[in-house]
Amino acid sequence: MSQEVQKQVDDIRSQFCESYRNGKDLRGISSHTRLQDSDEPTELKKLAQIIAAHATKIGIVCEPSRFYENLKPLASEVQEFAHSLFYLLSLLPLFYHNDKDVWASFFLQRLDEKVMELLNGTSVLCNDIDAMLKDENREKEDADRLRSIGMIWAACDCLEKLADKRNFGLLGDAIQENCSLVQDALQDIDDWITDPQFGNEFDLEESEDEEEEHESAGPNDDDEEALIKMTHFIETWKIKIKMIKLLLSSFAKTISTNFYNSRHVKGSTLQELYDLQRSVVAQVDELISDFLMSDASFDAEELQPTIENLNGLLAKMVKILKHLNEKDVKKRKWVHVWETKYFE
C-alpha cells in the first residue's frame, strides 16, 4: 500500500506541481470542459471547498502515530485530492479563453497567484508524505505535519473569496486601498498647512552651520510671499483631492451592492477603470510630493504637466463611470455634478 501512495504522490508532483510553475504555464492548459446551469466562479468555489476538505482528511490520516495504519484511507484521499485538483485546473481555460471579454486582467492575475499558491502547498504536502513514507520510525511534530495543509487551506480560502468577489469585488478592494493613499495625501497637506515650510528645509544633508544660519536669518519677504502663494495653491488642491477621494469612495461603496454585478460589463472596461484609478492616485502622490519639495522659487506652472495628466485620467474615468451608470439616472446625475464641479 505504501508503494501505491508513493506512486500517487509522484504522479501529483509530476502532473501538477512540476508541470505548472507559473501563470504562463497555467494559461497554456487546454481542456474541453463545459458548464451547464453554472458559471466559472461557482465551480471554482465548489472545487476550492472540495480540495480543502480532502486536504483536511489527508492531514488527519497522516497523524504520525497511526500513519502506517492509515495508508489505505490515505491512498483514497490522495486520489480524490488529485482528481479535484485536475478538475480545478481543467476549469481554468474557461477563465483564460476570454472570448466574451468577461474577466478583467486583474482578476485573472489574482487567479494565477492563488492557483500557484495552491500548487506550492501541494508540492510541500508531497514532500511531507515522501518523508513519512521513507522513515517508518520518524517522529514528526504536528506543526510540521500541518504546515502544508495550512498552505492549501489558505490558498483554497483565497480562491473561494475570489470566486465570491469576481471582477467588481476585486476592483472595489483596489479602490478602497487607493482611497487610503489619497487620505494620506490629504493628511500631508493638512500637516503642511499647519506648518508651512520649503522642501529644502527637509534636507538631511544640510550642515549644522547652514541650519543655524537659516534660523538666525529668519524668513525674508520673498520667502513669506512664496509661502503665501504655496498656501493658496495647496488649499485649492486640498478641495480637489477631497473630491477625487469622494469620487473613488462613492464608486467603491456602490460596487458593494449588486447593482453592477447584475449587469454585463466587459472585463476590458473594468481593467481600464482599474488602471485609471491606480494612475490617478499615482499622479496625486506625484503632485503632492513635488509640492512638498518646492522651495522659495515655487512656480505652480512647473506642476502643470502633472495636473494635466491627472485631469486627463479623471476625464477618462468619469466617462467610464457615466457608461456604467447609464441606466441609473440618479447615479449618472451625481457623476455629472461631480464632473462639473471638479473641472469648473
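Treat the numbers as computed from the prediction; the structure is a model and nothing was measured.
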Where do L71 and V5 come nearest, in terms of heavy atoms and distance?
O-CG2, 3.8 Å

If you draw a 6.0 Å radius around CZ in R27, do more than 12 non-hydrogen atoms from other residues or ligands fall strictly inside?
yes

Kindly indicate whether the side chain of L171, heavy atoms from C-beta on, has any atom under 4.5 Å from the side chain of F251.
yes

If you define the side chain from C-beta out and look only at heavy atoms, does anything of T42 sit under 4.5 Å from K46?
yes

Should L181 and V284 be marked as a side chain to side chain contact (heavy atoms under 4.5 Å, CB included) after you check the CA-CA gap, both sets of side-chain angles, and the distance that decides it?
CA-CA 9 Å; L181 297 178; V284 168; over 6 Å; no

Between E339 and K322, is the closest basic N to carboxylate O distance under 4.0 Å?
yes

Check ion pair D328-K333 (N to O, under 4.0 angstrom)
no

Test of ring centre spacing under 6.0 Å for F291 and W192
yes

Determine, stepwise, if the pair K24 / D112 fulfils salt bridge (Lys or Arg N to Asp or Glu O under 4.0 Å).
CA-CA 9 Å; K24 184 178 179 181; D112 288 345; over 6 Å; no

S14 backbone acceptor or donor facing S19 side chain under 3.5 Å:
yes

Hey, does C179 have a side-chain heavy atom less than 4.5 Å from the side chain of E177?
no

F233 and F298 aromatic centres sub-6.0 Å:
yes

What do you reckon, is CD of Q3 surrounded by more than 12 foreign heavy atoms closer than 6.0 Å?
no

Is there side-chain contact between W237 and K240, with at least one heavy-atom pair below 4.5 Å?
yes

With a 4.0 Å cut-off, would you call R66 and E69 a salt bridge?
yes

Using only heavy-atom distances, determine whether the side chains of D130 and Q6 contain a donor-acceptor pair under 3.5 Å.
yes

What verdict does the side chain to side chain donor-acceptor pair (under 3.5 Å) test give for Q197 and D195, after you've listed the backbone C-alpha separation in whole Å, the side-chain angles of each residue and the deciding distance to 0.1 Å?
CA-CA 6 Å; Q197 53 186 300; D195 181 22; 3.0 Å; yes

For L119 versus C17, what's the shortest heavy-atom pair and its separation?
O-SG, 3.7 Å

So if you build clusters from Ile, Leu, Val, Met, Phe, Trp, Tyr with side-chain heavy-atom gaps below 4.5 Å, do V124 and V61 land together?
no

Stepwise side chain to side chain donor-acceptor pair (under 3.5 Å) check, Q271 with N167
CA-CA 9 Å; Q271 183 62 44; N167 281 332; over 6 Å; no

State, yes or no, whether a side-chain contact exists between F198 and L227 at a heavy-atom distance under 4.5 Å.
yes

Would you mind telling me which of V265, D275, L170, I320 makes a side chain to side chain contact (heavy atoms under 4.5 Å, CB included) with L270?
V265

Heavy-atom count check: over 12 atoms from other residues, nucleotides or ligands less than 6.0 Å from Q15 CD?
yes

Decide salt bridge (Lys or Arg N to Asp or Glu O under 4.0 Å) for K7 and D10; before the verdict, give the C-alpha distance in whole Å, the side-chain angles of both, and the deciding distance to 0.1 Å.
CA-CA 5 Å; K7 184 179 185 305; D10 291 342; over 6 Å; no

Can you tell me if CD on E225 sees more than 12 non-hydrogen neighbours from other groups inside 6.0 Å?
no

Any donor-acceptor pair under 3.5 Å linking the side chain of N120 with the backbone of M116?
yes

Crowded around R110 CZ? As in, over 12 foreign heavy atoms under 6.0 Å?
no

Quick one: which of I12, I149, V78 gives a side chain to side chain contact (heavy atoms under 4.5 Å, CB included) with L125?
I149

Does L321 offer a backbone N or O that forms a donor-acceptor pair with the side chain of N325 under 3.5 Å?
yes

Assign the ring pair Y274 / F106 to parallel, tilted or perpendicular, where the plane angle (0 to 90°) is split at 30° and 60°.
parallel

Would you say I228 and T231 make side-chain contact, with heavy atoms under 4.5 Å?
no

How far apart are the closest heavy atoms of L47 and S84, and which atoms are they?
CD2-O, 4.1 Å

Restricting to non-hydrogen atoms, name the atom on Y68 and the atom on M132 that form the minimum distance, rounded to 0.1 Å.
OH-O, 2.7 Å

CA sep, side-chain torsions, deciding dist, call: M317, L313, side chain to side chain contact (heavy atoms under 4.5 Å, CB included)
CA-CA 6 Å; M317 229 182 123; L313 293 167; over 6 Å; no

Just so I know, are the side chains of L247 and L314 near enough to count as touching, which here means a heavy-atom distance under 4.5 Å?
yes

Closest heavy-atom pair, R332 versus H323, reported as atoms and distance to 0.1 Å, is NH1-N, 4.3 Å

Between Y342 and W338, what is the ring plane arrangement, given parallel below 30°, perpendicular above 60°, and tilted in between?
parallel

Is K238 salt-bridged to D190, cutoff N-O under 4.0 Å?
yes

Yes or no on side chain to side chain contact (heavy atoms under 4.5 Å, CB included) for L111 and L26, after CA distance, side-chain angles and deciding distance?
CA-CA 10 Å; L111 180 61; L26 294 177; over 6 Å; no

Hey, does the side chain of T33 reach the backbone of S90 with a donor-acceptor pair shorter than 3.5 angstrom?
yes

Can you give me the closest heavy-atom contact between A55 and I152, atom names plus distance?
CB-CG2, 3.8 Å

Donor-acceptor pair, side chain of T236 and main chain of H232, under 3.5 angstrom
yes

Yes or no on side chain to side chain donor-acceptor pair (under 3.5 Å) for T306 and Q283, after CA distance, side-chain angles and deciding distance?
CA-CA 7 Å; T306 302; Q283 289 297 304; 4.6 Å; no

Do L246 and K242 touch side chain to side chain, with heavy atoms closer than 4.5 Å?
no

Pairwise distance OG(S31) to CZ(F86) - rounded to 0.5 angstrom:
7.5 Å

Just by modelled atom types, is the S268 backbone N or O under 3.5 Å from a matching donor or acceptor in the D101 side chain?
yes

Tell me whether D39 is salt-bridged to K45, with the criterion being a basic N under 4.0 Å from an acidic carboxylate O.
no

Q79 and Q8: side chain to side chain donor-acceptor pair (under 3.5 Å), yes or no, with the steps?
CA-CA 7 Å; Q79 184 178 44; Q8 290 174 333; 4.9 Å; no

